[in-house]
Asker: 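The structure under discussion is supplied below as structure tokens; questions concerning it will follow.
As the structure is a computational prediction, the values presented were derived from the model and not from experiment.
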Amino acid sequence: MQKAGISERSIRRGRVSWEQSQEDLKLAGSFIKSAPQKSCLLSVQASINAISSILEIQGHFQLPAFSCVELLDQSIPHAQELEGIRPQCYLLDSSMERDVMGRENQQHIGFTVAYARSCHKAGRIVLSAIRNYWKENPSRLLGS
């Protein structure tokens with residue numbers, strides 16, 4: 001992960017990631033019953049985008065885009081209060097089952113409706129924590 005510093009561009013990227021995370025989670029909810037695998041993956045993507053928004057606004061780029069836990073580890077120095085979402089990040093990462101090279105290896109996952117609901121709930125908790133962070137730190141999100 002590299003860091004360029006806080007700039008108008010980094011703030012814009014962070015805002016876009018935050019807005020996209022909310023759209024992704026809404027879409028994930030709409031696929032729970034009809035396409036559980038898609039719902040799980042969208043819940044993961046929503047959480048990744050939400051956590052990324054904090055890092056991007058800080059000027060970080062080339063983020064690890066496949067692990068909620070890895071992104072959470074990177075964001076804790078900027079937002080220690082997010083430590084509480086670690087269990088949800090582990091659950092979300094479990095749906096991505098990847099090998100050590102980051103390649104998908106989802107052969108052992110049963111993408112059921114119940115599992116999709118669990119992933120969606122975890123995503124809601126992650127986004128709620130990030131939303132609370134932005135409420136407590138609005139100037140960072142707005143670039144003021």
Asker: Are I51 and V69 joined in one hydrophobic group, where the rule is that I, L, V, M, F, W and Y side chains link up if heavy atoms are under 4.5 Å apart?
Answerer: no
Asker: Are F31 and L41 close enough, and set up right, to give a side chain to side chain contact (heavy atoms under 4.5 Å, CB included), and what steps lead you there?
Answerer: CA-CA 10 Å; F31 284 114; L41 298 178; over 6 Å; no
Asker: Shared ILVMFWY cluster between I11 and V16, side chains joined below 4.5 angstrom?
Answerer: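 No.
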Asker: Would L25 end up clustered with V113 when hydrophobic side chains under 4.5 Å apart are linked, directly or stepwise?
Answerer: no
Asker: Is there a donor-acceptor contact under 3.5 Å linking the side chains of E56 and S10?
Answerer: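 Their side chains do not contain a donor-acceptor pair, so the 3.5 Å distance test is not met.
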Asker: Write down the atom of C40, the atom of F111, and the distance for their closest heavy-atom approach.
Answerer: SG-CD2, 3.7 Å
Asker: Between the side chains of Y133 and S75, does any donor sit under 3.5 Å from an acceptor?
Answerer: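 No.
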Asker: So I130 and S21, do their side chains get closer than 4.5 Å, heavy atoms only?
Answerer: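 They are not in contact (no side-chain heavy atoms under 4.5 Å apart), so the answer is no.
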Asker: Is there a donor-acceptor contact under 3.5 Å from the side chain of S17 to the main chain of G14?
Answerer: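 Between the backbone of G14 and the side chain of S17 there is no qualifying donor-acceptor contact (under 3.5 Å).
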Asker: Set out, in order, the CA-CA distance, both residues' side-chain angles and the distance that settles side chain to side chain contact (heavy atoms under 4.5 Å, CB included) for I85 and Y90, then state yes or no.
Answerer: CA-CA 9 Å; I85 63 171; Y90 280 123; over 6 Å; no
Asker: Between W18 and I57, is any pair of side-chain heavy atoms under 4.5 Å apart?
Answerer: no
Asker: Find the distance between CG (L27) and OG (S43) and round it off to the nearest 0.5 Å.
Answerer: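 Reported value, rounded in 0.5 Å steps: 9.5 Å.
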Asker: Please check: side-chain N/O of S128 versus main-chain N/O of R124, any donor-acceptor pairing under 3.5 Å?
Answerer: no
Asker: Is any NZ, NE, NH1 or NH2 atom of the basic residue among D93 and R86 found under 4.0 Å from an Asp or Glu carboxylate oxygen of the other?
Answerer: no
Asker: Does CZ in R9 sit with more than 12 non-hydrogen atoms of other residues, nucleotides or ligands closer than 6.0 Å?
Answerer: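 It does not: R9 CZ has 12 such atoms or fewer within range.
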Asker: Mind checking whether L42 and L71 sit in one hydrophobic cluster, side chains of I, L, V, M, F, W, Y counted as touching below 4.5 Å?
Answerer: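 Different clusters.
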Asker: Answer yes if the side chains of Q45 and N49 hold a donor-acceptor pair under 3.5 Å, and no otherwise.
Answerer: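 Note: Q45 and N49 side chains meet the donor-acceptor criterion.
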Asker: Is there a donor-acceptor pair under 3.5 Å between the side chain of H120 and the backbone N or O of I32?
Answerer: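 No, H120 side chain to I32 backbone: no donor-acceptor pair under 3.5 Å.
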